[in-house]
Amino acid sequence: GENVEQHPSTLSVQEGDSAVIKCTYSDSASNYFPWYKQELGKRPQLIIDIRSNVGEKKDQRIAVTLNKTAKHFSLHITETQPEDSAVYFCAAKFGNTPLVFGKGTRLSVIA
Amino acid sequence: SQTIHQWPATLVQPVGSPLSLECTVEGTSNPNLYWYRQAAGRGLQLLFYSVGIGQISSEVPQNLSASRPQDRQFILSSKKLLLSDSGFYLCAWSRDIRETQYFGPGTRLLVL
């Protein structure tokens with residue numbers, strides 16, 4: 001069935017450094033890829049998304065890149081800050097079914 | 001704008017007791033609705049989704065059930081809770097089943 005693999009499961013970076021989280025998906029027809037951030041005890045919130053007609057999208061310190069040939073997409077956070085510490089989930093759309101989520105990456109930004 | 005509500009926010013229930021969690025959406029019509037469960041420190045497990053009133057799709061066999069009695073209301077139920085039902089229950093909505101989902105604030109359930 002449809003699958004989204006997310007790596008790494010945990011990531012620690014020094015404040016100010018960059019963080020990269022990568023997801024791979026199984027269906028080459030997928031065309032929508034959102035990223036969610038979940039702070040401790042809170043709901044997941046959409047932070048950025050990308051559709052397959054573009055290769056990169058940027059919003060301030062956050063960017064997402066998409067490689068359709070390799071079937072992977074990545075979240076890039078630059079100049080990380082302590083408030084970036086959270087669990088990040090990628091997701092992908094497969095056909096006419098709900099989004100499929102990755103298992104999450106716990107990001108810790110060390111001050 | 002659209003708003004999604006869940007209640008209760010927290011719940012402590014004994015094993016074997018019934019459960020009813022409610023989710024409502026405001027500011028949109030005919031939303032797609034979802035129930036997820038998240039165990040502590042784990043990912044999002046899709047339990048049920050609904051594309052319309054009375055239409056429920058189950059993703060995981062379990063002792064839970066879902067109902068959609070009204071367009072913008074989604075209910076998660078159980079007749080007898082198990083210890084393994086403890087977790088963070090999230091409701092979500094989307095305009096289309098293939099599009100962005102927006103999550104409610106969640107219900108934290110502890111079964112003792």
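Sequence lines set the chain letters: A, B, ... in the order given, protein chains first and strands last, and positions in each chain run from 1.
- Listed here is the closest heavy atom pair of A/S12 and A/I110: CB-CD1, 4.1 Å.
- Every residue meeting the salt bridge (Lys or Arg N to Asp or Glu O under 4.0 Å) condition with A/K37, not counting sequence neighbours, appears here in chain and number order: A/E39.
- Between A/A19 and A/V13, the closest heavy-atom pair is CB-CG1, 4.3 Å.
- The distance from atom CD1 of A/I50 to atom CZ of A/F33, rounded to the nearest 0.5 Å, is 8.5 Å.
- The line from CZ of B/R108 to CZ of B/F88 is 4.5 Å long, rounded to the nearest 0.5 Å.
- Of residues 6-37 of chain B, those residues lying under 4.5 Å from chain A by any heavy-atom pair are B/Y34, B/Y36.
- When the shell of 6.0 Å around CG of A/L40 is examined, it contains 12 or fewer heavy atoms from other residues, nucleotides or ligands.
- Residue B/Y49 touches chain A through its side chain alone, counting heavy-atom pairs closer than 4.5 Å.
- Checking A/Q38 against B/Q38 by side-chain atom types alone, a donor-acceptor pair falls below 3.5 Å.
- In terms of heavy-atom pairs under 4.5 angstrom with chain B, the leader among A/P98, A/P34, A/G41 is A/P98.
- Considering only residues two or more places apart in sequence or on other chains, B/D71 meets the salt bridge (Lys or Arg N to Asp or Glu O under 4.0 Å) condition with B/R68.
- Chain B is approached within less than 4.5 Å, heavy atom to heavy atom, by A/F89, A/K93 from residues 73-94 of chain A, ordered by number.
- Each of A/R51, A/Q45, A/K42, A/K103 has some count of heavy-atom pairs under 4.5 Å with chain B, and the biggest count is that of A/R51.
- Looking at A/N96, the atoms closer than 4.5 Å to chain B (heavy atoms on both sides) sit in the backbone and in the side chain alike.
- If you check the side chains of A/T105 and A/Q6, you find a donor sitting under 3.5 Å from an acceptor.
- The two residues A/Y25 and A/N67 have their closest heavy-atom pair at OH-O, 4.2 Å.
- With a threshold of 4.5 angstrom between heavy atoms, B/L90 approaches chain A through side-chain atoms but not through N, CA, C or O.
- Residues B/I75 and B/P69 approach most closely at CD1-CG, 4.0 Å, considering heavy atoms.
- No donor-acceptor distance shorter than 3.5 angstrom exists from the side chain of B/E99 to the backbone of B/I97, with no hydrogens or angles considered.
- Both the backbone and the side chain of A/L99 come within contact range of chain B, judged by heavy atoms closer than 4.5 Å.
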